[in-house]
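Quick notes on the structure that follows.
Labels below follow one simple rule: chain letters A, B, ... track the order of the sequence lines, proteins then strands, and each chain is numbered from 1. All of these numbers come straight from a predicted model, not from anything done at the bench.
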There are 2 protein chains.
Amino acid sequence: MRHTKQRKLILECLRMTTSHPTAVEVYDQVRNKMPNISLGTVYRNLDYLCSHGLARKIDTCGERKRFDATVEDHVHIICTVCGKVRDAETGPGISPQTLMHPENTAASGFKITGVRIDILGICPECQKRQPSKTNP
Amino acid sequence: MRHTKQRKLILECLRMTTSHPTAVEVYDQVRNKMPNISLGTVYRNLDYLCSHGLARKIDTCGERKRFDATVEDHVHIICTVCGKVRDAETGPGISPQTLMHPENTAASGFKITGVRIDILGICPECQKRQPSKTNP
DNA sequence: GATAATAATAGTAATTATTACTATTAATGG
DNA sequence: CCATTAATAGTAATAATTACTATTATTATC
Ligand SMILES: [Mn+2]
Ligand SMILES: [Mn+2]
Ligand SMILES: [Zn+2]
Ligand SMILES: [Zn+2]
């Protein structure tokens, strides 16, 4: 709601990189410009940016979440060992079966082991509990 | 490596349900049959089962991991609010574009908001660090 | 079946990512 | 400028998972 220096800096930092950083990585980066920003502020603002459509939270296979300023739908290549995330360079209309073909993934240098497809939504219980804000 | 009662019970529990339980949910279930099994044992065995191809660990949108005894590739419907997981009833050869069409998801009762597609693999750095076991 | 070797366990402590709390600061509308 | 109050820094708390360690129980061998 308010345009704070911290919020602007965090979004800038996220837009500057393609590394899909963790909250702590954003924190470390952002401290170069603002040495006493707090980690809590970074977490709070990353959540804020996500809930306002300016960033996305990524569930990696590791233990900590990663963040992405690219909000358009796109495919990620995720390392199941270290949790690293890269953007896949796939065109539109690609099928799950062809997604992991070498010609689509070679550039990443990853050794591909599988594809994960999840449909995201809101379950019946949560729909009852959380009526849409436009229709209370 | 050894066939313990605990390990057998945990796998049985996981195979009995379609709920994609968390480690703690498995723990609660399994304690009915073996009241003083420890939570650490549940975590250790779930990891063991996953690394031996008998179970899968699921990254939900929530904070805790879930587990699935169905190891064949299949599509999940995940609640982005509570992290609940259901199996999608999709046939083979379905495209990402049609995955979330109402006719494929209506049965779940979920309000669908998006599809998440990730390619999984091992990054160049981790390939160097972790040479395949068969070729040391 | 008894025995020895040791993988696995129970119980507990430690770690780590994330969230909550609170007094203080600073963005914003008037 | 000033009042309002959202947001912050700093710290404490929470919660999921992992690590540790003495003890137990599985399994291979006799
Ligand atoms: Mn991305
Ligand atoms: Mn499943
Ligand atoms: Zn890696
Ligand atoms: Zn839900």
Report task. Return the 5'-most residue of the pair Lys65(B), His3(B) with respect to DNA chain D, ranking by each residue's nearest nucleotide. Result -> Lys65(B)
Query - Nonpolar side-chain network containing Ile78(B), other nodes, edges under 4.5 Å - result: Leu120(A), Ile58(B), Val85(B)
Query - Of residues 39-62 of chain A, the positions that come close to DNA chain D - non-hydrogen atoms, cut-off under 4.0 Å - result: Thr41(A), Arg44(A), Asn45(A)
Report task. Sugar-phosphate means primed atoms, P, OP1 and OP2; the rest is base. With that split, encode nucleotides 1-6 of chain C 5' to 3' as B, S or - using protein heavy atoms under 4.0 Å. Result -> ----BB
Query - Pairs meeting criterion salt bridge (charged side-chain N to carboxylate O under 4.0 Å, His left out) with involvement of residues 14-23 of chain A, two or more places apart - result: none
Query raised in the report: Which other residues belong to the hydrophobic cluster containing Val71(B), where Ile, Leu, Val, Met, Phe, Trp and Tyr are joined when side-chain heavy atoms lie under 4.5 Å apart, directly or via other members?
Result: none
Requested in this report: Determine to 10° how strongly the helix from dG1(C)-dC30(D) to dG30(C)-dC1(D) is bent, judged from the axes of its five-pair ends.
Outcome: 50°
Requested in this report: Output the single nucleotide from dT18(C), dA16(D), dG11(C) whose closest atom is nearest the side chain of Ser38(B).
Outcome: dG11(C)
**Report entry** Atom pair CZ (Arg86(B)) and CD1 (Ile119(A)), whose distance is rounded to the nearest 0.5 Å
**Finding:** 14.0 Å
Query raised in the report: Considering residues at least two apart in sequence or located in another chain, which fulfil the side chain to side chain contact (heavy atoms under 4.5 Å, CB included) criterion with Thr17(B)?
Result: Ser19(B), Pro21(B)
Query raised in the report: Within less than 4.0 Å of OP1 or OP2 of dA7(D), is there a side-chain N or O belonging to Arg7(A)?
Result: yes
Requested in this report: Return the set of residues passing side chain to side chain donor-acceptor pair (under 3.5 Å) with Thr41(A) (not counting sequence neighbours), or none when no residue passes.
Outcome: Ser38(A), Arg44(A)
**Report entry** Shortest non-hydrogen separation from Ser108(A) to Pro124(B) and the atoms involved
**Finding:** O-CG, 3.9 Å
Query raised in the report: Can you list every pair that meets salt bridge (charged side-chain N to carboxylate O under 4.0 Å, His left out) and has a residue in residues 46-65 of chain A, with sequence neighbours left out?
Result: Asp47(A)-Lys57(A), Arg56(A)-Asp73(A), Asp59(A)-Lys65(A), Asp59(A)-Arg116(B)
Query - Value in whole Å for how far the C1' atom of dT12(C) lies from OH of Tyr27(B) - result: 12 Å
Requested in this report: Take Val24(B) and Lys5(B), find for each the nucleotide of DNA chain D with the closest heavy atom, and name the residue whose nucleotide sits nearer the 5' end.
Outcome: Val24(B)
Query raised in the report: Would you say dA26(C) has OP1 or OP2 under 4.0 Å from some side-chain N or O of Gln6(A)?
Result: no
**Report entry** For the student: nearest non-hydrogen atoms of Gly83(A) and Thr60(A), plus distance
**Finding:** O-CG2, 3.6 Å
Report task. Hydrophobic side-chain clustering at under 4.5 Å (ILVMFWY, transitive links): who's grouped with Tyr43(A)? Put none if nobody. Result -> Leu9(A), Ile10(A), Leu11(A), Leu14(A), Val24(A), Val26(A), Tyr27(A), Val30(A), Met34(A), Ile37(A), Leu39(A), Val42(A), Leu46(A), Tyr48(A), Leu49(A), Leu54(A), Phe67(A)
Requested in this report: Could you tell me the separation between the NZ atom of Lys8(A) and the C1' atom of dT8(D), rounded to a whole number of Å?
Outcome: 16 Å
Query raised in the report: Where along residues 30-37 of chain B does a heavy atom come under 4.0 Å from DNA chain C, residue by residue in number order?
Result: Asn36(B), Ile37(B)
Query raised in the report: What nucleotide, of dT9(C), dA6(D), dT17(D), holds the atom closest to the side chain of Met1(A)?
Result: dA6(D)
Requested in this report: Could you work out which one of dA27(C), dT26(D), dT17(D) sits closest to the side chain of Thr4(A)?
Outcome: dA27(C)
Query raised in the report: Does a side-chain N-to-carboxylate-O contact under 4.0 Å join Lys84(B) and Glu125(A)?
Result: yes
Query - Exercise: identify the closest heavy-atom pair between Phe110(B) and Cys79(B) - result: CE2-N, 3.5 Å
Query raised in the report: Roughly how far, to the nearest 0.5 Å, is the NZ atom of Lys111(B) from the CD1 atom of Ile122(A)?
Result: 5.0 Å
Report summary line: Grouping ILVMFWY residues whenever side-chain heavy atoms fall under 4.5 Å, the cluster of Met1(B) otherwise contains none
